[in-house]
Structures are given as structure tokens and as C-alpha cells.
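Here is the structure we will look at, set down as C-alpha cells.
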Protein chains: 2
Amino acid sequence: MKELKSSVNKTFAILEYFTIQKSEWGVTELADAIGSNKSTVYRFLADLCRLGILYKDPSTEKYSLGLKLFELGSRVQLKSAFVEKTHPELVKVASSITETVHIAILKNQRVFYVDKVESPQGLKISSHIGSSNPAYSTALGKVLLAYLPEENQSQTLSVLTQSPIAYTKHTITNGKALLKELKKIKNDGFAIDREEFELGLICIAVPIFNQNNKVIASLSASGPANRFQEKNVSKYVSTLKKGADAIQEKIGFFNP
Amino acid sequence: MKELKSSVNKTFAILEYFTIQKSEWGVTELADAIGSNKSTVYRFLADLCRLGILYKDPSTEKYSLGLKLFELGSRVQLKSAFVEKTHPELVKVASSITETVHIAILKNQRVFYVDKVESPQGLKISSHIGSSNPAYSTALGKVLLAYLPEENQSQTLSVLTQSPIAYTKHTITNGKALLKELKKIKNDGFAIDREEFELGLICIAVPIFNQNNKVIASLSASGPANRFQEKNVSKYVSTLKKGADAIQEKIGFFNP
DNA sequence: AACATCGTTTCAATATATGAAACACACAAT
DNA sequence: ATTGTGTGTTTCATATATTGAAACGATGTT
């Protein structure tokens, strides 16, 4: 633990090594990766294991993230500075577009619904704040994938297309087709989900940049197919982009 | 921090105070609740806040769980001792019933899909391991609610029915109707979701007891309405119960 | 102005963390 | 069977981080 002094910091520095890509670590290999003494790391792992934050497989003696962390994560209500700042803009967009508006972030190849504002006239949509879907399956996720740096994008795509779920017959689950779609999205500056996630549902999404011009979230409007005419798309995109720009002004360098 | 010695333990003891029911704490009130020195608690909170594990609202100066914990929670792959032990039983049930089988746990009024085995002949279902739904909306969740201790049940029900989502026209969202349904489930020993979560989808679920005879999970079979005839229900329930009994033998006193 | 309350910072004393080394165990090579 | 290698776990003297009482700063009330 070269630079970190407090045990709290050290604890979470250790947990940071447990990713989807490398979810299991032995004591010695983790200590090597961290550049720390083996017995120190062992003691952290053992404590975290007793608490259920980590799980140790008895046969391999490797550690992975445990159920307790999952449970703690499910308590998070996403009522954060980010939501406090963005929610009023969502309300504006929803009243302008008169459809359901979502804001979402990308985490571990999944798109997480961070906030949602329903329009009185809008479709009642089953998405739940805090819930998630594979990123390729919705416009919100596709936009975020489209703006990933190239190094990350191909790795993320290959994970996503390993055993994809086709939610509808329109869902894009093939790597090549998805890559082509992402290039188009990057070029257009917005994404459309044409019943790829749910039959009868159309969704248009735009990227939200922070003040570093880094894409950190996406903003969408969702409604029934019969209401999303091609001629309305540019109007909806324009409104969403106004909302995204207003959010950019508000959130500074926030990077979730 | 009266009894806990290591900082790792202390850190997670603090996080344990942040629940859905009381999600926000000021420094002083948390220190009082813990029975610990105010400045000690402040330093933990400040460190956790810098890491994004907690979020401090600038106006109220109260702390709540932050996005980083959410993100860490979403990395958990639920590949735990529990899943390792139960998965073979799920495979057996799925091949016997020839429908999709799930095992789920109840956390914060939501039912979380912990594992899923699809039968080749079974319906392709959109549920994702790690995803969740409100407990009232599925048979898996209703079973878990039905077996909650009375003290917990009414509180849980009142939270759930505050602003319920009606997934379909069949979803039970009214507190009284739900309570009546739960009594019936407790009496029958199983639950049926008759298109309450998704139109066209039927789900039968039974409780899984651990060796303390405490209900710790539920096991279900899901399929299309046209395949779940009333005359098959008792056969399905019997197979699910055999699976649940076999799981009980395997998991000992496990309590997630 | 004085007082109360909350969050934040300081610093000497103390408790916990650290790392080198030893130990225990499993497996592979000879 | 013996030796060597590698991993995870434990021990103990020393180093370092933590602790708590007290002070400080800010806000609100009387």
C-alpha cells in the first residue's frame, strides 16, 4: 500500500481490484499486483471475508466479491448530487417532449437507470431507478457505448456479445452489426432504439458530457412506436440535447 | 466502536447504519447511535465520502450511501457458496419441469434473481442474474413476503405499496389484497404469479428453508400461460418442493 | 450578546497495522 | 520416498495510524 495511509482507503483500494474482467484473486497474486506485503493483504482479505464483503472459494482459495457487498449496493438510492442537479432538467425535457425521460450511466457493460421523469401523457414504463439492462439493448446504453474510448470499446463489445439476450427480434446482438450501429450513433450524435428492448417501445437518446467534454451519462425519451414518427425525431433530439447541455453546465467535472 | 477492533470491521459497521428506512445520518446523531466518539465517526465518514462510498448533501450535511458503493455492488457476480451449492438442484428441477427455473432472495423489499437455469424447451425469459423487481410483483417475491415474520411483514408491505408499479393489469398493488394473497400463500405453501409481472407469463414459486427452518430464498418455475394448466400446478409444486428440500440439505445454516 | 448545536480540526497517548520470517499444506519433479 | 516450489496462514517486535478530549468555526435561537 504505497501511497494510501488510512485503512479505509486501503480497504477500498483492495476492493477496486475485483472487477468483472478479473473477479477472483489469490492472496499472493493480489499482493504482487498491489505491490504490498502478502500477510498485510491476507489480513484485509480475511477480515472482508468474515464480513461477507468478499467470498473465498474453499477449493481454489481465491477471493471474489461477496453477497454482502451486493446487498449494500442495493441499498443505494441514487439520490446523489448528480440526481439533485439533473432532475430539474429532466422535468423540463419531460414536459416539453410529453414522453417519459430517463438519465442513465454505464457500469460494467450495463446501463443503469439513475433517474426517470414520467410525463402525464407519457407511456407507463417498467424501468425502475437503480435497475439495469445490457448496454446494447437500449438507446441509452448504445449512446454510452458509442462514445467509449476505442481501447475500451472493443473489449466491452466482446464481453457484451458473448452470450447476448435478444429481448425482441429487433435487438442487435451481433458484434459487427453493433459496431456499425455505434459508428452511426457517433456520427449522428444520438441513438434510436427501435423496439430493440421492448416491442412497441421506441427510445431516442443523446450523450451527456461533463465540462471535460467526457461522456458520463445519457438522456432519453421513450414512448410508443405509434407516437415516434420519423419526422419528429430531430425535434426530440434537439430538446434532449438542450437538456443535456443544461445538465453539462450544472454538473461540472462530475464523473460517476 | 466498543467491541470491534479492526478498521475494516469498523468501516462496515458504520455502513450498516445506512438502511433504506434511515438512509441519511448526520455526524453527531450517528456517533450517538453507535456509541462512539464524534470525531472518530466524522473521520470515517469523511474518508468514505472522499471515496464516493458515501455522499454528503452540502445543504443538510447529512451522509448517505453513494454511487461508488452502487457500482461495487453491481460487480458482484453472485457466484458464491450459495450458488455453487444450489445450482445442481436447479438443473435437476429445470430438466424435470422443462421450464425456466429461478432462485431468488429478498433484499430491501425487492426480489433479486440469484441464479437461473433455462430448459431447452422453456421460454426465453428476460430476467438477468443480479437484477431485481419489487417483491409483490412476482411469485418468487410473494413467497418470501408471505414467510416474513409478522413484525417485518407489515412494515415491508407498507413500504412496497407506497407507490407501486402495476406491471400488468393483474399486478396486485393494493395492500389489503396483497396481505390476503400472502395469507393464502402461507396456507398453501406456494405462490402463483398469474401474469402479474408480465403478460403471458405464469410463475409458480416455493420457499426454500435453511436448516434452522428459516425461509432464506425461493425457487420458481416460469413459463407461458398456455403451458401452465391448473391441473399441472400440484405436479410442478411437488417438483419444486423436492428441489427446495434438496437445497435445504445442502446449505446448512446459510442466511444471506 | 450569550448560548446551544452541529460539523471540523488538533495533538499527545494508545491501539492497531505492518512486514519479515516461520509455519502448514499441497503438488510436482526426481 | 525425498526435495523443491508455491500458496495460504500465523507470529511478534516495531512502526504507524487511530483515538478522544478539547478547541475551533459556523449557524441558529433567545
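Values in this document were obtained by computation on a predicted structure and should not be read as measured data. Every chain is numbered from 1, with letters handed out A, B, ... down the list of sequences.
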Separation of [N] [atom2] from [X] [atom1] (nearest whole Å):
| X | N | atom1 | atom2 | answer |
| --- | --- | --- | --- | --- |
| K10(B) | dA17(D) | NZ | P | 15 Å |
| F44(B) | dT9(C) | CZ | C1' | 17 Å |
| K5(B) | dT18(C) | NZ | P | 17 Å |
| N37(B) | dA23(D) | CG | P | 15 Å |
| D32(A) | dG19(C) | CG | P | 14 Å |
| D57(B) | dG7(C) | CG | P | 12 Å |
| L54(B) | dG7(C) | CG | P | 14 Å |
| L45(B) | dT18(D) | CG | C1' | 15 Å |

Is a side-chain donor or acceptor of K250(B) paired with a backbone partner of T86(B) at a separation under 3.5 angstrom? no
Closest approach of [X] to [Y] (non-hydrogen atoms, all atoms of both residues):
| X | Y | value |
| --- | --- | --- |
| Q211(B) | E249(B) | NE2-O, 3.0 Å |
| V117(B) | A94(B) | CG1-CB, 3.7 Å |
| L240(A) | L219(A) | O-CD2, 3.4 Å |
| L157(A) | G175(A) | CD1-O, 4.3 Å |

Quick one: do R50(B) and D47(B) make a salt bridge, cutoff under 4.0 Å? yes
Can you tell whether the side chains of E24(A) and K22(A) come within less than 4.0 Å, N to carboxylate O? no
Would you indicate, yes or no, if dA17(C) has its OP1 or OP2 atom less than 4.0 angstrom from a side-chain nitrogen or oxygen of T40(A)?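 For T40(A), the contact criterion (side-chain N or O under 4.0 Å from OP1 or OP2 of dA17(C)) is not met.
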Separation between CD1 (I14(B)) and CG (L30(B)), nearest 0.5 Å, reads 6.0 Å
Just by protein heavy atoms under 4.0 Å, how would nucleotides 5-14 of chain D read 5' to 3' in B, S and -? --SBBBB---
If you take the centroid of each ring, where Trp contributes its six-membered ring, are Y63(B) and F18(B) closer together than 6.0 Å? no
Please list, for nucleotides 25-30 of chain D, all pairs of protein and nucleotide N/O atoms separated by less than 3.5 Å.
none

